[in-house]
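Report on the structure given below.
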Amino acid sequence: MREWNRKLVLEDGSEYYGYGFGSSVDRVCEIVFNTSMSGYQEIVSDLSYTDQMVVMTYPLIGNYGMAEDDYECKFPSIGGLCCYDYNDTPSNFRWVKTLSESLEEYNIPGISGIDTRKLTRSIRDLGSRRVLITSPDTPVDKALEIIAATPVPHDAVSRVSCKKRWYSRTADARYNIVAIDCGMKLNIVRSLNRCGCNVTVVPYNTSVEEILYMKPDGVFLSNGPGDPTDVVEVIETVKALRGKTPIFGICLGHQILSLAYGGETYKLKFGHRGGNHPVKNLQTGKIEITSQNHSYAVVPESLENTPLTVTHINLLDNTVEGVACGEDRAFSVQYHPESAPGPQDSRYLFRQFIQLMEEGKHHA
């Protein structure tokens, strides 16, 4: 048997030994798990995982390599990746790099060979915790000191948001969208393009005046990492935009919209991450199987005295999965209708956004 060359040390002192791939850097992260059976490339390149070490519950990872067109961002910032069985010889005609090569390029550490079932149960039972990926000969007490001395970051959105505006245009566009980038997945932009929208992506701290100067038909609030209450700039922007233009938020954008209307958020014990979460649409009674990735949720009681109504709920734990304000033509969902990876039951939400913008054009 090969000698272990990496290990994880959790803040409760538990250790998991394994084999390194990707970068050999030591790093402190928050440890979370994802139950998706495929889509590790999209997960690795989802900026919502900034500062997080993701444990893949599906055992075989790396077997189809990395394809040039499947990245969800230009510069992945995931904290690290854990899996049971890492495969470094991909079988896929589209692959251009192995997962390990890609992680090494972006300085992201990976570890395989650990008991991911035991680790996932630990996260499920005890909640998300901080973890250090390090050399196997690092003493536990030293590792715990490093974890304790590493501050919890509160600037994730400012690190991953674009630094200047950029454009994604499409042929015969009917609508112009301004998308506030808090760490946006590229498939959201592609989905809006497919619906006939030109998209102008702007940094998270872009002023209301600048956004309105662009005369958007609608404003989109993106997904992103971290605690939504840290992103005060976007919350204030949304407060000022209420009623002036249709607004559609996804994931972090959903939490920000709820906060802007007077709601509150809280941190879940271990979050929702995977491609099989059942969500009930309270307006139609239909159940969607959804793709999710978030640590925070909206407090249901906090919405009672706001103009927002709950439109979707999670059938696993009754958390709020969607809200809307009909008067202001604003709505948001906690999950990912653009999938990548995941089911496509919720694509209709992009058409719903188009419908609000179409109504806005008629009113104008």
Side-chain angles (χ1 to χ4, degrees), residues 4-35 43-44 46-57 61 76-84 86 103 106-157 159-160 183 224-230 252 255 265-274 292-297 317 319:
W4 288 314
N5 58 9
R6 298 292 272 164
K7 76 171 175 180
L8 300 177
V9 182
L10 274 66
E11 60 184 326
D12 59 7
S14 55
E15 298 174 283
Y16 294 81
Y17 288 83
Y19 309 103
F21 62 97
S23 170
S24 57
V25 66
D26 285 12
R27 181 168 293 156
V28 175
C29 309
E30 177 188 25
I31 196 158
V32 298
F33 65 85
N34 188 302
T35 59
I43 289 163
V44 160
D46 182 347
L47 293 170
S48 295
Y49 286 114
T50 300
D51 304 323
Q52 290 180 332
M53 171 80 64
V54 180
V55 180
M56 298 300 295
T57 62
I61 299 296
S77 60
I78 187 173
L81 190 70
C82 309
C83 64
Y84 173 68
Y86 171 67
L103 293 185
Y106 297 110
N107 199 32
I108 298 163
I111 184 169
S112 67
I114 61 173
D115 186 345
T116 50
R117 289 182 300 181
K118 181 183 176 185
L119 181 51
T120 300
R121 283 197 297 269
S122 165
I123 298 167
R124 184 194 63 195
D125 296 343
L126 303 174
S128 301
R129 281 154 291 154
R130 303 184 81 204
V131 63
L132 171 68
I133 181 168
T134 186
S135 160
D137 50 17
T138 304
V140 175
D141 52 353
K142 172 68 176 164
L144 294 177
E145 277 176 31
I146 293 168
I147 293 171
T150 306
V152 177
H154 290 281
D155 60 346
V157 167
R159 278 184 281 135
V160 300
D227 185 339
T229 58
D230 290 340
L252 182 71
Q255 296 153 11
T265 55
Y266 68 102
K267 190 168 187 183
L268 294 161
K269 185 178 178 183
F270 51 82
H272 297 155
R273 294 174 186 84
Q292 307 226 353
N293 167 20
H294 58 101
S295 293
Y296 292 82
D317 60 6
T319 48

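Quick caveat: nothing in here was measured; it's all calculated off a predicted structure. Positions are given from 1, in the same order as the sequence printed here.
- For the residue pair N34 and G274, the shortest heavy atom distance occurs at OD1-CA, 3.7 Å.
- Here I31 contributes atom CD1 and R129 contributes atom CZ; the two are 7.5 Å apart, rounded to the nearest 0.5 Å.
- No option in D51, L10, T150 other than T150 meets the side-chain contact (heavy atoms from CB on, under 4.5 Å) test with R130.
- Across every non-hydrogen atom of A297 and T319, the tightest pair is CB-CG2, 4.4 Å.
- S128 contributes atom OG, which lies 10.5 Å from atom CG of L126 (distance to the nearest 0.5 angstrom).
- For CZ of F33, the number of neighbouring non-hydrogen atoms (other residues, nucleotides, ligands) closer than 6.0 Å is greater than 12.
- In terms of heavy-atom proximity, R159 sits nearest to P153 at NH2-CB, 3.5 Å.
- Contact of the S23 side chain with the I108 side chain is not registered, since no non-hydrogen atoms from C-beta on lie closer than 4.5 Å.
- Here the OG-CZ distance, from S135 to R6, works out to 7.0 Å after rounding to the nearest 0.5 Å.
- Note that SG of C29 and CG of L132 are 8.5 Å apart. Values are rounded to the nearest 0.5 Å.
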side-chain contact (heavy atoms from CB on, under 4.5 Å) between Y296 and Y266, intermediate numbers included: CA-CA 6 Å; Y296 292 82; Y266 68 102; over 6 Å; no
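- Summarising the geometry of T57 relative to T35, their closest heavy-atom pair is OG1-CA, 3.1 Å, with the distance given to 0.1 Å.
- Going from atom OG1 of T116 over to atom CE of M56 covers 10.0 Å, rounded to the nearest 0.5 Å.
- In this structure, the side chains of V157 and L252 come closer than 4.5 Å at one or more pairs of heavy atoms.
- The number of heavy atoms from other shown groups lying within 6.0 Å of NZ (K269) is above 12.
- Using a 4.5 Å heavy-atom cutoff, the side chains of L8 and L119 are in contact.
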Should F270 and L268 be marked as a side-chain contact (heavy atoms from CB on, under 4.5 Å) after you check the CA-CA gap, both sets of side-chain angles, and the distance that decides it? CA-CA 6 Å; F270 51 82; L268 294 161; over 6 Å; no
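- In this structure, T120 contributes its side chain and R117 its backbone to no donor-acceptor pair below 3.5 Å.
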Might you work through the side-chain contact (heavy atoms from CB on, under 4.5 Å) test for V54 and R273, ending with a clear yes or no? CA-CA 10 Å; V54 180; R273 294 174 186 84; 5.8 Å; no
So R121 and D125, salt bridge (charged side-chain N to carboxylate O under 4.0 Å, His left out) or not? Walk me through it. CA-CA 6 Å; R121 283 197 297 269; D125 296 343; over 6 Å; no
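- Taking CD1 of I114 as the reference point, atom NZ of K7 lies at 13.5 Å (rounded to 0.5 Å).
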Using the side-chain contact (heavy atoms from CB on, under 4.5 Å) rule, take H272 and D317 through it: C-alpha gap first, then chi angles, then the decisive distance, then the call. CA-CA 10 Å; H272 297 155; D317 60 6; 2.7 Å; yes
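- Considering every non-hydrogen atom in both I78 and I43, the closest pair reads CD1-O, 4.2 Å.
- In this structure, Y86 and F21 have parallel ring planes: the angle between them is below the 30° cut-off, well short of the 60° mark.
- Here the closest non-hydrogen pair linking I61 and C83 is CG1-CB, 3.6 Å.
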